[in-house]
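I have placed the structure first, in the form of structure tokens, so that the comments after it can refer back to it.
All chains are named by letter (A, B, ...) in the order of the sequence lines, taking the proteins before the strands, and each is independently numbered beginning at 1.
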Number of protein chains: 2
Amino acid sequence: MSTAKRQPDPRRAQTREALLQAAEAALRETPIDELSVAEIARQAGVAVTSIYNHFGSKAGLQAALAERAMDVDRQYMDRAYVDRRSPVEQLQSAAAEYLQFYLDYPDYFRLLAFPPEPGRNPAGQELNEQIARRVDEQNARMVKALQQAIDAGLVRKANARELATILWSAWNGMISLGWRADGLRKNEKQLRKMVTLATDIITAGLLKPPG
Amino acid sequence: MSTAKRQPDPRRAQTREALLQAAEAALRETPIDELSVAEIARQAGVAVTSIYNHFGSKAGLQAALAERAMDVDRQYMDRAYVDRRSPVEQLQSAAAEYLQFYLDYPDYFRLLAFPPEPGRNPAGQELNEQIARRVDEQNARMVKALQQAIDAGLVRKANARELATILWSAWNGMISLGWRADGLRKNEKQLRKMVTLATDIITAGLLKPPG
DNA sequence: AAGGCTTTTTGCAAACATTACAAAAAATGC
DNA sequence: GCATTTTTTGTAATGTTTGCAAAAAGCCTT
């Protein structure tokens, strides 16, 4: 293995940070569709190409912002996983908080739940993996809650990790109805109702021993 | 209302059909990413602009093909909703067939489950609504099975339509893990397992009366 | 602290999707 | 057959994305 080490080039962190800050600031003024990569680069004082060097695409840059916002997400989830609550209650509130995160940051949610294909661009792929790790990290908390419930005999025996993935991806599917452009779209109220009911049903199904 | 009627212009159907056929044929040879709208238009013998007149976007054209493919989807679902089966069995096989449809036609599945935004283009919006109607039509069969189960006292009392939406969107969320570009992606085997387990849990939860 | 090597940035050209618009072509209804 | 309307077409312009080569800047060794 040729792991030739080297001190990291400070320029890299610098332009990366300049882009993130410029993009974040610009996005507070202008919706993403009306904001061109040229404009972002101009405000960051770097070349357009640098966006692709660092993030792989315009969506990648946005995703990098979303990844930062996962710190926010962690706060949401902190509210859900409180130890005094029963595991079932924790799942219910995790679902509610996850939905709330979407309602507060719809763009970021979409990028985390349904990341755009990075193509063959290495920077984009790397970023994607990084985001996946963050998501996984969050799901780990759900896994923990489920495992406790299983160990306590409250929930049917099953792989807690798989169960968490089911829960999380099912929520994603439901919440994605919030931005459909057709008649199948659901509004906030409907989403709340749906996610609540679904989580209720699923937890009921978990409590019952397998037939 | 100024509903001035008029005979439909045959040219419209003609170029539409030419585009659909050319696109379908071309897509058998070339993946969508490597197929330009210019090339499709050329093979159809029409102007590029016509694609936008009729379908709103390149994705719209693909979606129109997917809409046609819903006849295929319907056939898959026919296999699931067999009257001799119990409602719960019907749901299980519906889930399995839906997943199979994705496995056989991943591109079409994606367009139906997660339709791209049509923007402000009227043609694209119209197409989107059309697809939504088809999807709704399919879900109606699930609604029917659920309603029967509710009426028979097998399943907790709830709005069958809502339940069907939950089931369908949850499946979408799980199946979407099949094309994630990061470490969270699931392969065919894992998807089967997950969808089966999830449907099992959900139906178990449905059977149990609400606490 | 100088020179060589590597990383990073930059600018440019080209491909592609998309939009807007105006002119051309073709159909309808009378 | 003619006036009106619909549809198609071509073109110019904008924006994202890729590839490439040159320039700039940083690291490392001596």
Check your understanding: Yes or no on side-chain contact (heavy atoms from CB on, under 4.5 Å) for A:E162 and B:M194, after CA distance, side-chain angles and deciding distance?
Key -> CA-CA 7 Å; A:E162 268 180 40; B:M194 188 163 54; over 6 Å; no
Check your understanding: Rounding to a whole Å, what distance do you find between B:K58:NZ and D:dT17:P?
Key -> 14 Å
Point to revise | Residue A:R161 excluded, over 12 heavy atoms near CZ under 6.0 Å | key: no
Review point. Does a donor on one side chain and an acceptor on the other come within less than 3.5 Å for A:S93 and A:R85?
Key: yes
Check your understanding: Given atom CG of A:L61 and atom C1' of D:dT16, what is their separation to the nearest angstrom?
Key -> 13 Å
Point to revise | Rounded distance (Å) that lies between atom P of D:dT16 and atom CG of A:N121 | key: 16 Å
Check your understanding: Going 5' to 3' on DNA chain C, which nucleotide is the first and which the last to come under 4.0 Å of a heavy atom in chain A?
Key -> C:dT6 to C:dC12
Review point. What is the per-nucleotide protein-contact pattern of nucleotides 4-12 of chain D, from the 5' end, where B denotes a base atom under 4.0 Å from a protein heavy atom, S denotes such proximity for sugar-phosphate atoms only, and - denotes neither?
Key: -SBBBBBB-
Point to revise | Under 3.5 Å donor-acceptor, B:Q148 side chain and B:A145 backbone | key: no
Practice item. Step by step, work out the side chain to side chain donor-acceptor pair (under 3.5 Å) result for A:E129 and A:Q125. Key: CA-CA 6 Å; A:E129 290 301 343; A:Q125 292 179 351; over 6 Å; no
Check your understanding: Aromatic rings A:F101 and A:Y76: how do their planes relate, parallel, tilted or perpendicular, breaks at 30° and 60°?
Key -> perpendicular
Check your understanding: Which comes earlier along DNA chain C counting from the 5' end, the contact point of B:S57 or that of B:P10, where each point is its nearest nucleotide?
Key -> B:S57
Point to revise | Length of the line joining A:I51:CD1 and D:dT18:P, which is rounded to integer Å | key: 12 Å
Review point. Which part of the nucleic acid does B:G56 contact within heavy-atom distance under 4.0 Å: base, sugar-phosphate only, or nothing?
Key: sugar-phosphate
Exercise for review: Sequence neighbours left out, what passes ring-ring contact (aromatic ring centres under 6.0 Å, His included) with B:F55? Give chain and number order.
Suggested key: none
Check your understanding: Would A:R192 and A:Q100 satisfy side chain to side chain donor-acceptor pair (under 3.5 Å), going step by step from the backbone distance to the final call?
Key -> CA-CA 9 Å; A:R192 268 193 225 281; A:Q100 191 60 46; 3.2 Å; yes
